[in-house]
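I have placed the structure first, in the form of structure tokens, so that the comments after it can refer back to it.
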Amino acid sequence: MTASVTFHVLTLFPEMIREAVSYSILGRAVKAGTIRVNPVNIRDFAVNKHGQVDDAPYGGGAGMVLMAAPVCDAYEYVKKQIQAKSPPVIYLSPQGRVFNQAVARELAGGESTNARAGEIILLCGHYEGIDERIIEEIVTDEISVGDYVLTGGEPAALVLIDAVSRLIPGVLGKEASHQDESFSGAGANLLEYPHYTRPAVFRGREVPEILLSGHHAQIEKWRREQSVERTKSKRPDLL
Ligand code: 4H6
């Protein structure tokens with residue numbers, strides 16, 4: 001079974017998405033076709049020749065609301081391009097279920113039937129938000145990347161794309177993907193052990209002796225202990 005994923009991103013700032021996924025590991029994965037990122041500009045579906053996509057809120061108040069029609073048309077444009085019958089449509093919002101590694105795994109195709117079909121649609125809000133009726137109409141999941149407010153959904157979508165992509169086979173090197181499943185690190189809900197590289201002494205601080213010893217079994221044991229210790233002291237909630 002192919003675990004590859006396409007992220008369709010409904011956004012007012014498609015270049016922000018395209019640019020951000022063009023670097024480093026994600027950039028390489030996009031180039032190789034291991035993941036696909038398809039930013040769709042909601043403004044291409046504006047309601048008039050002035051490019052209007054927002055309007056004043058019914059009931060009054062400050063700010064503007066992203067109109068339902070352009071978002072709906074952008075969504076249908078994506079739907080026509082894909083095979084998946086009911087792809088997940090994820091609205092990035094402060095009101096969503098809070099994103100974490102388990103949700104990332106789900107979306108990477110471990111459990112979710114929809115995600116396994118290989119298409120994920122991400123909806124990025126702007127202004128004061130989006131007309132509630134489009135949320136009722138097309139959104140299947142509301143996800144928040146954390147309890148804070150952003151000016152738009154794009155950084156949140158990019159966080160999700162990054163965290164999900166690195167779980168797709170072939171995105172990370174063999175070495176790194178092994179690490180995620182191993183006892184230490186994210187795979188076991190433990191924090192990473194500390195890392196060191198040359199020089200052996202930096203500003204009087206020495207690299208832990210065990211790491212220079214060449215005793216692989218003892219090094220592994222030390223790293224495991226460090227992972228547990230760090231988790232206890234920095235993030236006891238993870239244990
Ligand atoms: C939906 C509704 C995601 C999306 C409102 C998005 C935080 C997160 C947004 C808004 C986001 C998150 C519009 C409210 C601008 C604030 C975009 N903020 N906002 N935690 N902002 O995942 O004003």
Side-chain angles (χ1 to χ4, degrees), residues 5-21 23 26 35 37-47 51-79 87-108 112 114-115 119-168 186 189 235 237-238:
V5 172
T6 302
F7 301 94
H8 305 271
V9 187
L10 312 184
T11 170
L12 286 170
F13 301 98
E15 290 314 315
M16 193 173 167
I17 303 296
R18 216 189 304 282
E19 175 78 12
V21 299
Y23 295 94
L26 286 194
I35 59 166
V37 179
N38 176 33
V40 174
N41 192 347
I42 294 169
R43 204 172 296 281
D44 288 349
F45 304 88
V47 294
Q52 189 186 350
V53 293
D54 62 329
D55 209 337
Y58 276 117
M64 299 290 268
V65 176
L66 189 51
M67 300 168 87
V71 174
C72 197
D73 291 351
Y75 164 75
E76 295 198 320
Y77 169 78
V78 167
K79 275 295 297 287
V89 179
I90 300 171
Y91 181 41
L92 286 313
S93 127
Q95 298 179 32
R97 138 173 99 123
V98 179
F99 189 67
N100 61 20
Q101 195 64 23
V103 178
R105 276 188 220 111
E106 217 177 275
L107 292 170
S112 160
N114 284 332
E119 314 280 352
I120 297 174
I121 302 177
L122 301 172
L123 173 56
C124 301
H126 264 273
Y127 313 116
E128 297 308 304
I130 305 185
D131 190 307
E132 190 67 21
R133 293 164 297 181
I134 196 63
I135 299 165
E136 297 166 2
E137 189 81 10
I138 70 169
V139 170
T140 63
D141 286 285
E142 204 167 341
I143 290 180
S144 164
V145 296
D147 290 337
Y148 43 81
V149 180
L150 302 167
T151 58
E154 286 79 7
L158 288 165
V159 164
L160 184 149
I161 290 170
D162 191 299
V164 172
S165 293
R166 64 182 289 290
L167 301 178
I168 304 297
N189 258 328
R235 291 294 307 278
D237 57 297
L238 292 179

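Order of listing sets the numbers, starting from 1, for every ligand and every atom in it.
- A salt bridge links Arg97 with Glu106: the distance from a Lys NZ or Arg NE/NH1/NH2 to an Asp or Glu carboxylate oxygen falls below 4.0 Å.
- Residue pairs that meet the side chain to side chain donor-acceptor pair (under 3.5 Å) test with at least one member in residues 54-79, sequence neighbours left out, are Tyr77-Gln81.
- Under the side chain to side chain donor-acceptor pair (under 3.5 Å) criterion, Thr6 pairs with Arg36, not counting sequence neighbours.
- Glu132 meets the salt bridge (charged side-chain N to carboxylate O under 4.0 Å, His left out) test with no other residue; sequence neighbours excluded.
- Every protein residue with a heavy atom nearer than 4.0 Å to ligand 1 is included here: Tyr91, Leu92, Ser93, Pro94, Gly125, Tyr127, Glu128, Ser144, Val145, Gly146, Tyr148, Val149, Leu150, Thr151, Gly152, Gly153, Ala156.
- Taking the side chain as every heavy atom from C-beta outward, Leu123 and Ile90 never approach each other to under 4.5 Å.
- A donor-acceptor pair under 3.5 Å is formed between the side chain of Arg43 and the backbone N or O of Gly51.
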